[in-house]
2 protein chains.
Amino acid sequence: MANSKLYKGSLTTIILKLLSEHNKMYGYEITQKVKALTKGELQITEGALYPSLHKLESEGLLDVEVAKVDNRLRKYYKLTEKGTKETVSKLEELEQYLATLQALLNPKLSY
Amino acid sequence: MANSKLYKGSLTTIILKLLSEHNKMYGYEITQKVKALTKGELQITEGALYPSLHKLESEGLLDVEVAKVDNRLRKYYKLTEKGTKETVSKLEELEQYLATLQALLNPKLSY
DNA sequence: ATATATACATAAAATTCTTATGCATGCAAA
DNA sequence: TTTGCATGCATAAGAATTTTATGTATATAT
């Protein structure tokens, strides 16, 4: 499986980043995109994804648009203006954290 | 403050890695070392640290040795053999996760 | 006398996942 | 034709790991 668990706190940033690249996506599509991009390394579970999407929507970072395709429901999410700004700051935050981790885990390289 | 929050799941790896470099350390020392290495970016709170140390000990990854210095208690922790192995695998796991994140956040670079 | 640093600890609450389950449609295979 | 898999949503219970708050105690500096 090689299915690494999420480091808690990164899922939101992943969702926002994907939406910043694809304009609009629906939940199932996000799970498949993550799976493809990571070659199966990372599986976003529905139990984590849908509550996250709902929260992002309730915070005003995402807009929803319901569509019916092949007689199946789809909920397309897209970034609001606020969501776009938040994406930038979340990405900066994550990159900062990764740099901080470098300082801890690769002490030889921090000079 | 610039005090980034921990991405849940990384604290254990940080503790193990520090212990792999310093032979033995006590709790308070770990908080100070992290603060210094990250230039104040990361503050390990006691409420997170001590329970983590206790858990690592109960799992047999750390050994404890109590000492009294300047009339104050110190609990020195050091890696067991099992802990040393776990450190390696935790670090690999984290690096794998970081690589996976790269694929998601820097899609241009994954080809 | 008061605040800060050192040094441990735990409990309650919050956050964010995993796991399990449920509903429904469409299609392919047995 | 029914069984399984993929598509597509959802929520609830539980687990894990953190934050925040609080407590104890000694030493040192103001």
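As a basis for the values below, the full set of heavy atoms in this structure was taken, side chains included, without hydrogen atoms, waters or symmetry mates. Protein chains get the first letters and strands the later ones, always in sequence-line order, with residue 1 at the start of each.
- Nucleic acid contact class of Lys68(B) (heavy atoms, under 4.0 Å, all strands): none.
- Listed nucleotides dC8(C), dC17(C), dA7(C) differ in distance to Leu73(B); the shortest reach to its side chain belongs to dC8(C).
- Nucleotide dT20(D) holds its C1' atom 13 Å from the NZ atom of Lys8(B), rounded to whole Å.
- The hydrophobic cluster containing Leu91(B) also contains Leu98(A), counting ILVMFWY residues as joined when their side-chain heavy atoms lie under 4.5 angstrom apart, directly or transitively.
- The phosphate of dC8(C) has neither OP1 nor OP2 within less than 4.0 Å of any side-chain N or O from His54(B).
- Residue Thr31(A) is out of contact with every strand shown, counting any heavy-atom pair closer than 4.0 Å.
- Between Lys55(A) atom NZ and dC17(C) atom C1' there is a gap of 12 Å when expressed in whole angstrom units.
- One interatomic measurement links the two molecules: OH of Tyr26(A) to P of dT25(C), which rounds to 18 Å at whole-angstrom precision.
- The CG-P distance, from Leu49(A) to dT11(D), rounds to 12 Å in whole Å.
- Inspection of the Ser89(A) and Glu93(A) side chains reveals no N or O donor paired with an N or O acceptor under 3.5 Å.
- Between Gly9(B) and Gln32(A), the residue whose closest nucleotide on DNA chain D is further toward the 5' end is Gln32(A).
- A distance of 10.0 Å separates OH in Tyr77(B) from CG in Leu19(B), rounded to the nearest 0.5 Å.
- Checking the phosphate oxygens (OP1, OP2) of dC8(C), a side-chain nitrogen or oxygen of Tyr50(B) falls inside 4.0 Å.
- Geometrically, Lys75(B) does not engage Tyr26(B) in a cation-pi contact defined by less than 6.0 Å to the ring centre and at most 45° from the axis.
- Both Ile44(A) and Leu53(B) lie close to DNA chain C; mapped to their nearest nucleotides by heavy-atom distance, the more 5′-ward contact belongs to Leu53(B).
- We find that NZ of Lys35(A) is positioned 8 Å from P of dA6(D), with the value rounded to whole Å.
- Checked against the 6.0 Å centroid criterion, the rings of Tyr97(A) and Tyr7(B) qualify as a close aromatic pair.
- Considering only side-chain atoms of Lys75(A), the nucleotide from dA9(C), dA10(D), dC17(C) that sits closest is dA10(D).
- The nearest whole Å value for the distance from the CD1 atom in Ile14(B) to the C1' atom in dT17(D) is 13 Å.
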Write out a two-atom table: protein N or O, nucleotide N or O from nucleotides 22-26 of chain D, distance below 3.5 Å.
residue: dT26(D); atom: O3'; partner: Asn71(B); partner atom: ND2; Å: 3.1
residue: dT26(D); atom: O2; partner: Arg72(B); partner atom: NE; Å: 3.1

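- For dT16(C), neither phosphate oxygen OP1 nor OP2 lies less than 4.0 angstrom from any side-chain nitrogen or oxygen of Thr12(A).
- The side chain of Leu6(B) sits closest to dT19(D) out of dC17(C), dT10(C), dT19(D).
- Salt-bridge formation is not detected for the pair Lys33(A)/Glu29(A): no Lys NZ or Arg NE/NH1/NH2 atom is positioned less than 4.0 Å from an Asp or Glu carboxylate oxygen.
- Between Glu86(A) and Lys82(A), no side-chain nitrogen of the basic residue sits less than 4.0 Å from a carboxylate oxygen of the acidic one, so the salt-bridge criterion is not met.
- Atom pair Arg74(B):CZ and dA9(C):C1' shows a separation of 17 Å (rounding to whole Å applied).
- Remark: P of dA15(D) and OH of Tyr7(A) are 22 Å apart, rounded to the nearest angstrom.
- Within the nucleic acid shown, Gly27(B) comes within 4.0 Å of sugar-phosphate atoms alone, with no base atom in reach, counting heavy atoms only.
- Note on Glu21(B) versus Lys17(B): salt bridge recorded, some NZ/NE/NH1/NH2 to OD/OE distance being below 4.0 Å.
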